[in-house]
2 protein chains.
Amino acid sequence: MRRPAKRVTSADVARAAGVSAATVSYVLNDTPGQSIPEETRRRVLEAVKQLDYRPRGSARALAAGRSDVVLLSIPHLSIGPGINRFVEQFATSLAHAGLTLVTHLAGAPGRPLPDVCAAIDASVVASLDPLDDDTAQALRRAGADLVFTTEVEAHPTMRRMGRLQAEHLIALGHRRLGYAMPDHPLLRKIADDRLLGVADACAHAGIDPPLALDTKLDTTALARAARRWRRESVTAVCAYNDEVAIALLTGMRHAKLAAPDDLAVIGADDIPLAQVTDPPLSTIAFDLEKVGRSLAEAVVASLSGRKPRLTPASLSPRVIHRAST
Amino acid sequence: MRRPAKRVTSADVARAAGVSAATVSYVLNDTPGQSIPEETRRRVLEAVKQLDYRPRGSARALAAGRSDVVLLSIPHLSIGPGINRFVEQFATSLAHAGLTLVTHLAGAPGRPLPDVCAAIDASVVASLDPLDDDTAQALRRAGADLVFTTEVEAHPTMRRMGRLQAEHLIALGHRRLGYAMPDHPLLRKIADDRLLGVADACAHAGIDPPLALDTKLDTTALARAARRWRRESVTAVCAYNDEVAIALLTGMRHAKLAAPDDLAVIGADDIPLAQVTDPPLSTIAFDLEKVGRSLAEAVVASLSGRKPRLTPASLSPRVIHRAST
DNA sequence: GTGAAAGCGCTAACAT
DNA sequence: ATGTTAGCGCTTTCAC
């Protein structure tokens, strides 16, 4: 383990600018209650650029008692291609607030979240899925604030998406709906939310609750499910997401069933492939960037001591109508 | 900005165990050249567990001159669902070596990589795509070692995958191949590698080089491409990846072309949906976990001063033969 | 075998 | 308006 080469420190900058290290700190942090003349500030900034100085997070965190690092815990299942858009927006919004985002894939047999949090000395841990109590407590003891998407609009939005799926189908005249559940256990919670929304819409329309069937990503199994729905006079099915919907479309073709005439199908999440199925897949899109922005707000709020206000604003889920319904 | 509650420190552990902070450090780090009697070690570890003590990364990094944090930079494009498996394995292998992994989505308008690196004081930055010189230099000045997947087997493997696609098709009797390029510019580099592999196989078999066509995820465009290939007597096409292949299959259906008889199609990456297309998609799978393991080895090697040895071992790409060919 | 003490690079009181 | 100083929590030499 060789020691790494010497790095530029704030003392170097101070020397180059002909000021003290404290002044460098004041300038770089816009420390409130300090009046730095323009000229001094300029010289410091100049030296910073000249030397390509970057404050060391560890030293900053140690001295200040808190870092500007936010750790995002992502569940280790494939949440779909949209996740990137969310993370990107989250990172960008945090950056505006002077915060740095890094992410960690949860559930892996690697390091437990609290260890990672302690290792990078994160001030805030944001999580897409709720943490168990032990973890949450350990995190808090490690000095981190906790923020969850469930605290913003994600949770009700999932339900709203199911509702939109069903309402779309019902508006088209369908009176008996099916629901295609995903097989991955980790998807279960979201699926239950979405299914609830479908049930809401059915109840509201005064029709039977949806006939939910477990599915696998397997053509034969899906063909069987399709036949089963038909037998039970289901004329349209809401799929948990586009992936399940696409698989169902293929299963139907195997069962010699056509969409939307024999069975209408609607997906959710609007993945790129939904546009190139046969027939093109109707689906529900929603504003992932908005989740990122709201979550960042919650983080900033939590850091400034306020309880994050629960933005009741919606993620604008909306129906994308294509030929499959 | 309230100061966070007081956290457990190594001094607390020391007090609880009736030893000095130095001893705690020795025990926790298995410091070489220190012989701690079993009894003392036990007492320290006991106290650690009792207090749920976790060393603060920032203090450790500051004192030791290097952290145990590895930062992985992931390109901000959708690399496909396989990426999670890779990251997970990477994190796990690093954890075995006592290292902590966090990831950062590159290319976002958030923080530049060197800033993130400095903020968390990473010892190593691993990247899936090559970094530009300025970034690389800044990173090194920030005290980080650099490791790339291109240094392990990923690069030649991409080429090998193209080769396997083509060889499979050629073995089936095809003498004129097409190649479906992805439209996202960031995918270009990988696509070029894969296409090179296809060309290799063609040359080796003594047939014409592949007819590469740019594609979009659009049924009409893909239908047009399919007709074009047919006109040019292409009988089989290698798609950049499964997503493109799936879209092509739909385009073909629109053009009243059947796979594999009118045009055989083979994908790459073996995403879950490849099993549920109609017809099921032949594709190339490869061992993503192995990439994770090798990259972790490279990281450890780099940290111990050795130049990472380039594992020539292959990622075991292999053909998954299904009905689309 | 263990502890005391110096410092890592920075921030935040306190001086000036 | 800026410098001086005292730590933040840990590691690491050096004494004992």
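Just so it is clear: chains get the letters A, B, ... in the order the sequence lines come, proteins before strands, and each one is counted from 1.
Phosphate proximity of C/dT2 to B/Thr40: present, with a side-chain N or O under 4.0 Å from OP1 or OP2. Residue B/Ser58 places no side-chain N or O under 4.0 Å from the OP1 or OP2 atom of D/dG9. At the phosphate of C/dT11, OP1 or OP2 sits under 4.0 Å from a side-chain N or O atom of A/Arg60. Taking 4.0 angstrom as the limit, B/Ser35 places a side-chain polar atom (N or O) nearer than this to OP1 or OP2 of C/dG1. Proximity of A/Ser20 to the phosphate of D/dT2: no side-chain N or O atom is located under 4.0 Å from OP1 or OP2. A close approach under 4.0 Å does not occur between any side-chain nitrogen or oxygen of A/Tyr26 and OP1 or OP2 of C/dA13. For B/Ser10 and D/dC10, the shortest distance from a side-chain N or O to OP1 or OP2 is below 4.0 Å.
Here A/Val24 lies out of heavy-atom contact (under 4.0 Å) with every strand. In this structure, A/Gly18 reaches the sugar-phosphate backbone alone: every heavy-atom distance under 4.0 Å involves primed, P, OP1 or OP2 atoms, never a base.
Across C/dA5, D/dG3, C/dG9, the shortest atom-to-atom separation from the side chain of A/Leu62 is found for C/dG9. Of all nucleotides listed (D/dT4, D/dT12, C/dT11), C/dT11 comes nearest to the side chain of A/Ala63. Side-chain proximity of A/Ser25 to C/dT11, D/dT2, C/dC8: nearest is C/dT11.
The one candidate from A/Arg54, A/Arg60, A/Arg56 that meets the salt bridge (Lys or Arg N to Asp or Glu O under 4.0 Å) condition with B/Asp121 is A/Arg56.
For the pair B/Ala59 and A/Pro37, nearest-nucleotide mapping onto DNA chain D gives the more 5' position to A/Pro37.
Rounded to whole angstrom, the span from the CZ atom of A/Arg66 across to the C1' atom of C/dT11 amounts to 14 Å.
Within the structure, ring pair (Phe, Tyr, Trp, His ring centres under 6.0 Å) pairs that include any residue of residues 85-109 of chain B comprise B/Phe86-B/Phe90 (at least two apart or interchain).
No side-chain donor-acceptor contact under 3.5 Å links B/Thr92 and B/Glu88.
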